[in-house]
Asker: 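Below you'll find the structure I mean.
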Amino acid sequence: DRTALILDIFAQHAQTREGKLQVELALYQYRLPRLTKMWTHLERQSGMGGVGLRGPGETQLEVDRRLIQNRLSLLKRQIDTVRTHRTRQARRAP
C-alpha cells in the first residue's frame with residue numbers, strides 16, 4: 001500500500017518530538033477506517049458476569065476503534081502541548 005509506505009518512510013526520518021507525534025497521529029488516522037475488515041472472523045465477546053454486564057458485549061472492532069480514538073485524542077493534546085511550549089520558547093529567545 002502506497003500510503004502505508006509513505007508513512008513508514010516519514011516515521012523512519014522523524015527526529016523531533018512533534019514530528020514523531022505527527023507521524024503516529026497520521027498512522028492511526030490512516031488505520032482507523034481500515035479496521036473493519038481485520039476482525040470479521042471474531043464473534044461478539046460474552047459479557048463477563050456482574051450487574052449490568054449482561055448482553056453481547058463489545059466486539060473486538062468496537063474495542064479497537066475506541067482505543068484508537070482515545071489514542072488520537074491523546075496525540076492531538078500532546079502535539080498542542082509541544083506547539084505551545086515551542087512558541088513560548090521562541091518568545092523568550094532574544
Asker: Got a sec, which pairs hit salt bridge (charged side-chain N to carboxylate O under 4.0 Å, His left out) with one end in residues 67-79, sequence neighbours left out?
Answerer: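 Output for this query lists Glu24-Arg71.
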Asker: Do you reckon Leu21 sits in the same ILVMFWY cluster as Ile6, going by side-chain contacts under 4.5 Å, direct or chained?
Answerer: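 No, because Leu21 and Ile6 fall into different hydrophobic clusters, even though each may have its own neighbours under 4.5 Å.
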Asker: Roughly how far, to the nearest 0.5 Å, is OH of Tyr28 from CG of Asn70?
Answerer: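 So the CG of Asn70 and the OH of Tyr28 are separated by 11.0 Å.
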Asker: Testing Ile68, Asp64, Val63 one by one against Arg66 for a side-chain contact (heavy atoms from CB on, under 4.5 Å), which residue passes?
Answerer: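 When side-chain contact (heavy atoms from CB on, under 4.5 Å) is applied between Arg66 and each of Ile68, Asp64, Val63, only Val63 qualifies.
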Asker: Do the side chains of Arg86 and Gln89 get nearer than 4.5 Å, heavy atoms only?
Answerer: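 Not touching, per the 4.5 Å side-chain cut-off.
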Asker: Would you give the length of the straight line joining atom CG of Asp80 to atom CG of Leu75, rounded to the nearest 0.5 angstrom?
Answerer: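 Answer rounded to 0.5 Å: 11.0 Å.
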Asker: Can you list, pair by pair, the side-chain donor-acceptor contacts under 3.5 Å of residues 7-17, counting residues two or more places apart and other chains?
Answerer:
from	atom 1	to	atom 2	distance (Å)
Asp8	OD2	Gln12	NE2	3.4
Thr16	OG1	Gly19	N	3.0

Asker: Ile79, Val23: one ILVMFWY side-chain cluster at the under-4.5 Å cut-off?
Answerer: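 Unlinked, Ile79 and Val23 end up in two clusters.
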Asker: What distance do Leu67 atom CG and Leu35 atom CG have between them, rounded to the nearest 0.5 Å?
Answerer: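 Spacing of CG (Leu67) from CG (Leu35) equals 10.0 Å.
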Asker: Count I, L, V, M, F, W, Y as connected when their side-chain heavy atoms are under 4.5 Å apart, and connections chain through other members. Are Leu32 and Leu74 then in the same cluster?
Answerer: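 Not linked; separate clusters.
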Asker: Can you name the nearest heavy-atom pair linking Thr87 to Thr84, along with the distance?
Answerer: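 Smallest heavy-atom distance, with atoms named: OG1-O, 2.8 Å.
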Asker: Any side-chain heavy atom of Glu18 within less than 4.5 Å of one from Gln22?
Answerer: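 The answer is yes, as the side chains (C-beta and beyond) meet within the 4.5 Å cut-off.
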